[in-house]
Amino acid sequence: MSSVNHNLHDSDFYAWTKQTAQLLKEGRLSEVDIKNIAEELEDMGNSDKRGVVSQLSRLITHLLKWMYQPALRGNSWKNTIEAARIEIIDFFKDSPSLKNEVKNKFDVAYKKAIRIASNETGIEVKDFPKECPFTLEQCLNEEFWQIGRAHV
């Protein structure tokens with residue numbers, strides 16, 4: 001491994017990515033900073049997972065608002081719900097294995113969503129159901145709009 005390439009990772013990440021890509025294209029593997037490449041690849045996967053969980057929290061937040069405040073429903077909420085659905089589905093198309101990861105993080109996404117929904121609606125966190133009233137499949141279903149008020 002080239003110490004120049006390794007040091008560049010810490011001092012100029014963009015230049016490191018360009019240089020590393022060039023080294024790989026040229027087959028100069030002995031000069032490539034393998035350890036940092038592995039860490040960066042792992043970080044990329046984790047970033048995608050965080051991104052999809054964030055979109056899921058956003059989606060659930062707006063579905064809760066849609067459910068609990070029917071008088072305030074409007075195009076802005078509908079657009080946010082649609083955009084979040086599209087983003088999540090796009091993540092799954094690009095990386096199907098993320099769906100299993102997200103299923104494992106569904107409760108985390110819901111806990112974040114009820115905190116945000118509480119702040120935005122004035123409804124106490126304790127007044128939302130302990131478990132998400134929607135499944136992941138319902139959240140992603142573009143036909144899922146007929147949400148009644150949950151039992152609280």
Side-chain angles (χ1 to χ4, degrees), residues 1-68 75-121 123-145 147 150:
M1 172 189 65
S2 166
S3 63
V4 172
N5 187 255
H6 179 77
N7 291 337
L8 195 55
H9 176 270
D10 296 333
S11 63
D12 187 342
F13 182 74
Y14 178 74
W16 176 83
T17 63
K18 300 307 260 178
Q19 182 184 61
T20 299
Q22 190 62 41
L23 291 170
L24 288 169
K25 287 176 187 175
E26 293 172 3
R28 296 166 50 194
L29 302 181
S30 64
E31 298 176 51
V32 172
D33 181 3
I34 299 293
K35 182 177 182 251
N36 279 322
I37 289 174
E39 289 175 5
E40 293 302 333
L41 286 173
E42 196 170 65
D43 287 348
M44 287 169 48
N46 287 334
S47 177
D48 281 356
K49 182 169 67 172
R50 284 189 302 274
V52 75
V53 170
S54 176
Q55 287 296 329
L56 183 59
S57 291
R58 180 173 152 225
L59 173 57
I60 294 169
T61 297
H62 280 79
L63 287 172
L64 288 169
K65 289 165 56 173
W66 191 268
M67 174 191 281
Y68 281 85
N75 284 336
S76 176
W77 287 359
K78 191 171 187 175
N79 289 338
T80 299
I81 289 168
E82 289 293 340
R85 283 177 172 157
I86 290 167
E87 289 292 324
I88 294 167
I89 289 166
D90 284 349
F91 270 114
F92 291 163
K93 283 180 185 172
D94 291 342
S95 301
S97 63
L98 273 175
K99 191 167 190 175
N100 288 331
E101 293 288 329
V102 169
K103 285 180 181 179
N104 295 332
K105 294 288 188 178
F106 192 77
D107 290 340
V108 171
Y110 179 63
K111 284 181 176 39
K112 291 178 183 179
I114 60 174
R115 288 196 327 259
I116 296 166
S118 175
N119 290 337
E120 292 183 5
T121 64
I123 298 169
E124 295 291 326
V125 168
K126 67 179 177 55
D127 292 331
F128 288 101
K130 294 219 181 291
E131 293 185 16
C132 188
F134 333 111
T135 64
L136 177 60
E137 290 71 25
Q138 287 172 323
C139 289
L140 299 178
N141 182 345
E142 65 186 37
E143 302 297 320
F144 185 65
W145 289 102
I147 305 169

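Below, all heavy atoms of this structure are taken into account, side chains as well, without hydrogens, waters or symmetry copies.
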Handout entry: Any donor-acceptor pair under 3.5 Å from T20 side chain to T17 backbone
Key =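 Here the side-chain-to-backbone pair does not exist.
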
Problem - Minimum side-chain heavy-atom gap W66-K78 below 4.5 Å - result: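 Yes, at least one pair of side-chain atoms sits under 4.5 Å.
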
Handout entry: Test item: Y110 and P129 side chains (from C-beta on) under 4.5 Å apart, heavy atoms
Key =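 A side-chain contact exists here, since the closest heavy-atom pair is under 4.5 Å.
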
Indicate the atoms forming the closest heavy-atom contact of [X] with [Y], along with that distance.
{"X": "I114", "Y": "L64", "result": "CG2-CD1, 3.7 Å"}
{"X": "A84", "Y": "Q55", "result": "CA-OE1, 3.5 Å"}
{"X": "Q138", "Y": "P133", "result": "OE1-O, 4.0 Å"}
{"X": "N36", "Y": "D33", "result": "ND2-OD2, 2.6 Å"}

Problem - Salt bridge present between E39 and K35 (N-O < 4.0 angstrom) - result: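 Between K35 and E39 there is a salt bridge, with a charged N closer than 4.0 Å to a carboxylate O.
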
Rounded to the nearest 0.5 Å, how far does [atom2] of [Y] lie from [atom1] of [X]?
{"X": "D90", "Y": "R85", "atom1": "CG", "atom2": "CZ", "answer": "14.0 Å"}
{"X": "L59", "Y": "E82", "atom1": "CG", "atom2": "CD", "answer": "9.5 Å"}
{"X": "K112", "Y": "I60", "atom1": "NZ", "atom2": "CD1", "answer": "11.0 Å"}
{"X": "H9", "Y": "S11", "atom1": "NE2", "atom2": "OG", "answer": "10.0 Å"}
{"X": "S54", "Y": "K105", "atom1": "OG", "atom2": "NZ", "answer": "13.0 Å"}

Handout entry: Worked verdict on F128 versus Y68 for ring pair (Phe, Tyr, Trp, His ring centres under 6.0 Å)
Key = CA-CA 9 Å; F128 288 101; Y68 281 85; 4.9 Å; yes

